[in-house]
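In what follows, chains carry the letters A, B, and so on, assigned in the order in which the sequence lines appear, proteins first and then strands, with residues in each chain numbered from 1. None of these values were measured; they are calculated from a predicted model.
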Amino acid sequence: MKTAFGFPNLAVEVGMSEVESRRAFLEKVASTVFAGMVLGGQPVKAGAEPAKVELPPRPPDGPILPELEYEDVLLRMQRDLERALNKGTTPKWVMVIDTRKCVGCHACTISCAVENKLPPGVVYRPVVEEQVGVYPQVTWKFLPRPCMQCDNPPCVPVCPVGATWKREDGIVEIDYDACIGCRYCLVSCPYQARTFDFGENWTQNTPGQGQMPYEELPTFEWGEVHVRKEGVIPNSPVGNARKCSFCLHRIEHGLLPQCVTTCIGRATFFGDASDPESLVFQLIHQPNVMRLKEELGTEPRVYYLV
Amino acid sequence: MRVWGWILYGVLAAIGLGGFFLRFATGHQLAGYGSYVPWGLWVAAYIYFIGLSAGAFLLSALVYVFGVRKLEPIAPLALVVALASLLMALVTIWFDLGHMERFYYVYLRPNFRSMMAWMVWLYTAYGLLLLAELYYALRRHLPRYVDRGGITGFLARLLVKGRKTPFTQEEIHRDEGIIKVLGTIGVPLAIAFHGGVGALFGTVVAQDLWHSPIYPILFLTGALLSGGALITAVYVFFWPRKDEEWRELSLFLGRIVLGLILFDLLLEWAEYSIPMWYGVGPEFKALWSTLFGRFWYVYWVFHILIGVVVPIGLLLAWGLRGRVKAIGLASFLVAITFLAIRLNLVIPSLVHPKLEGLMNAYRDHRLVFAYLPTWFEWSVVVFSVALGFTVTYVLVRILPVIEGKLLKEVA
């Protein structure tokens with residue numbers, strides 16, 4: 001029998017119910033603490049030695065040694081990012097997503113839409129939801145799916161006008177002012193990570209007058225300023241293929257991608273994989289790492305911990 | 001009959017113009033496709049039209065390149081139909097672009113690793129070649145029309161520089177030589193661009209159903225069949241003189257159509273039977289939904305019944321036994337229902353999710369794995385059809401396409 005974290009639940013194995021074992025455990029801890037307070041610095045007498053206390057189960061990524069101070073991974077990644085930007089050579093950007101920590105809150109999807117002012121139908125980082133098992137033996141698994149920024153991207157060679165390409169830092173970029181909107185790249189992406197901007201707006205077909213101010217804000221994707229506008233000749237990115245940029249515009253200003261900073265479970269990591277000191281480097285060299293559709297040879301830059 | 005034809009044309013043209021204006025006024029907003037099924041009816045219609053063009057052209061090449069003299073009367077008409085279908089195809093795919101005003105970027109900044117860039121360049125070469133071939137096929141008749149008024153006279157004066165003396169046998173022979181050279185370039189060109197359209201689909205590793213080496217061959221056979229059937233139907237029904245020669249040529253064309261239906265069916269069997277046999281995987285699932293899914297009737301009714309069984313029956317029972325109208329009807333059905341094959345080629349692979357669970361990830365009407373063409377999309381296709389008909393009709397009216405004469409003179 002395993003607990004939620006995968007550790008064997010000893011109490012259950014020796015035949016106690018979980019409630020009983022917890023009560024017994026608390027009693028032991030309380031009596032030990034109480035005894036310590038009463039006895040002060042005196043050694044505990046032989047015979048009165050407290051029974052061995054079982055440590056509470058810990059999540060696998062928690063501190064191994066209790067005396068170590070816990071640091072938010074965001075701070076570490078922020079330092080990693082600054083180092084990567086200042087080291088003078090081109091970083092190798094990768095993203096790591098710990099599926100065990102993802103709770104399926106969709107905060108990354110929403111924060112991404114806010115950051116990039118995405119209209120309806122355009123989504124860069126949906127969280128794929130899949131039911132496992134049948135009720136009542138049922139659970140859900142969650143898989144956030146940004147652009148994989150493949151090292152061998154199938155979407156790049158198909159573009160008839162060369163409006164999308166692989167950057168040196170690994171990000172697959174789109175030139176919104178060159179894209180003709182043929183959607184061949186959408187068809188070619190095995191992860192369906194590209195979406196088409198149909199020129200729709202959130203306030204469309206709703207009562208009220210005109211657009212909301214947030215719909216008229218420019219988007220800063222790819223470090224450029226674009227104001228959407230539909231029409232006979234639409235303003236890009238309307239009529240374009242769009243996709244996740246790893247928040248290139250934020251990275252260039254020393255900020256982590258929006259989905260990383262928003263993740264409430266700290267399940268998303270970002271950094272420079274060419275820096276052995278970085279958190280992502282350490283994470284992608286663990287044995288429990290995998291990538292999606294490895295068999296296609298696309299060499300994704302997004303790794304999943306499973 | 002003729003009046004009803006014009007009424008039908010008027011209705012189609014009105015619907016088409018409606019779609020045309022809606023496309024400019026509303027962009028892609030009224031279309032039914034989305035980001036998970038990014039291509040829809042327009043792409044299917046486009047490969048259908050371009051197939052018609054390639055097929056009609058290859059039929060004309062039988063005359064000009066391979067010297068099948070029997071087909072000579074219809075060769076210029078086949079060139080005109082090829083030109084009109086090319087125009088239909090290009091207009092349809094142009095409407096499909098997100099940024100129609102940027103189409104010329106494919107010329108300015110092509111990426112020749114993309115099959116799509118190759119396709120556009122090859123089309124351009126093919127379109128120019130068609131115009132040149134048509135010029136050399138028709139100019140021998142033009143001196144007769146130099147004195148005429150109107151557009152025919154203007155074109156005749158422009159194209160033969162006001163020459164009034166008829167072309168000599170020697171000059172005609174020289175023109176035939178030029179056409180033969182052009183046609184000889186044109187055959188590999190047509191094979192390249194239409195095989196290239198097949199490769200455009202076949203190279204997409206993400207779409208399991210498309211990712212098959214048979215696709216370029218399947219596209220070429222389909223082109224020959226649909227284009228050949230279209231020319232046959234046009235010839236049987238609209239050829240002005242229904243004499244013994246017409247009868248004999250119709251029978252000849254009917255036999256070609258029957259052979260091509262059977263050959264196309266054989267390739268389809270190869271394409272379908274293998275994934276169906278192993279019975280698992282995305283290819284199987286996509287084929288299964290084609291055959292027995294929500295749109296089963298597109299395959300069984302429009303393709304197999306109306307596009308294969310009925311035409312074969314018509315040809316064997318009546319057509320090839322001398323009832324020429326049955327050949328025309330059979331060919332017409334084959335040519336029309338070929339759109340069903342093209343739809344079943346584009347859509348089923350796309351409606352199959354590439355990541356399980358993606359459909360639960362984000363709710364939006366553009367992010368669904370289902371597709372049904374909207375009325376708006378149909379109306380735009382109707383525009384292309386009406387345009388193609390108009391171009392063909394105008395060309396046979398103003399140029400001596402049929403037996404070296406204008407339509408009015410032979411009718």
- Query: So what's closer than 4.5 Å to chain B heavy atoms on A/Ala241: side chain, backbone, both or neither?
  - Reply: neither
- Message: For the interface with chain B, which of A/Gly162, A/Gly199, A/Pro157 has the highest count of heavy-atom pairs at distances below 4.5 Å?
- Response: A/Pro157
- Query: What part of A/Ile180 is in contact with chain B, defined as an atom under 4.5 angstrom from a non-hydrogen atom: side chain, backbone, both or neither?
  - Reply: both
- Decide if atom CD1 of B/Ile274 counts as having more than 12 heavy atoms of other residues, nucleotides or ligands within a radius under 6.0 Å. no
- Note on the structure: Looking only at A/Val156, A/Leu292, A/Val122, A/Ile233, most heavy-atom pairs under 4.5 Å shared with chain B are made by A/Ile233
- Item | More than 12 heavy atoms from other groups under 6.0 Å of CE on A/Met212 | no
- The interface call for B/Val204 against chain A, heavy-atom contacts under 4.5 Å, is side chain
- Query: Taking every heavy-atom pair that is under 4.5 Å apart, which of B/Val43, B/Leu367, B/Leu108 has the most such pairs with chain A?
  - Reply: B/Leu367
- Quick check: are there more than 12 heavy atoms from other residues, nucleotides or ligands sitting under 6.0 Å from CZ of B/Phe103? no
Show me, pair by pair, the donor and acceptor atoms from chain B and chain A that are under 3.5 Å apart.
residue, atom, partner, partner atom, Å
B/Gln29, OE1, A/Gln204, NE2, 2.8
B/Gln29, NE2, A/Gly199, O, 2.7
B/Ser35, OG, A/Phe196, N, 2.7
B/Pro38, O, A/Arg183, NE, 2.8
B/Pro38, O, A/Arg183, NH2, 3.1
B/Trp39, NE1, A/Cys182, O, 2.9
B/Asp96, O, A/Arg183, NH1, 2.7
B/Asp96, OD1, A/Arg183, NH2, 2.8
B/Asp96, OD2, A/Arg183, NH2, 3.0
B/Gly98, N, A/Ile180, O, 3.2
B/Gly98, N, A/Gly181, O, 2.9
B/His99, N, A/Ile180, O, 2.9
B/His99, NE2, A/Ser236, OG, 3.3
B/His99, NE2, A/Val238, O, 2.6
B/Arg102, NH1, A/Tyr176, O, 2.9
B/Arg102, NH1, A/Cys179, O, 2.7
B/Arg102, NH1, A/Ser236, OG, 3.3
B/Arg102, NH2, A/Ser236, OG, 2.8
B/Arg109, NE, A/Val161, O, 2.9
B/Arg109, NH2, A/Val161, O, 3.2
B/Arg109, NH2, A/Gly162, O, 3.1
B/Asn111, N, A/Pro160, O, 2.9
B/Asn111, ND2, A/Pro157, O, 3.1
B/Asn111, ND2, A/Cys159, O, 2.7
B/Ser114, N, A/Pro157, O, 3.3
B/Ser114, OG, A/Val158, O, 2.5
B/Leu200, O, A/Tyr184, OH, 2.5
B/Gln207, NE2, A/Val187, O, 2.9
B/Lys354, N, A/Gln192, OE1, 3.3
B/Lys354, O, A/Lys293, NZ, 2.6
B/Asn360, ND2, A/Glu129, O, 3.3
B/Asp364, OD2, A/Gly121, N, 3.0
B/His365, NE2, A/Glu200, OE2, 3.2
B/Arg366, NE, A/Glu200, OE1, 3.4
B/Arg366, NE, A/Glu200, OE2, 3.3
B/Arg366, NH2, A/Glu200, OE2, 3.0

- In terms of heavy-atom pairs under 4.5 Å, which option from A/Val158, A/Val161, A/Val128 contacts chain B the most? A/Val161
- Any idea which of B/Ala117, B/Gly34, B/Gly98 has the most non-hydrogen atom pairs under 4.5 angstrom with chain A? B/Gly98
- A/Val127 versus chain B, heavy atoms under 4.5 Å apart: side chain, backbone, both or neither? backbone
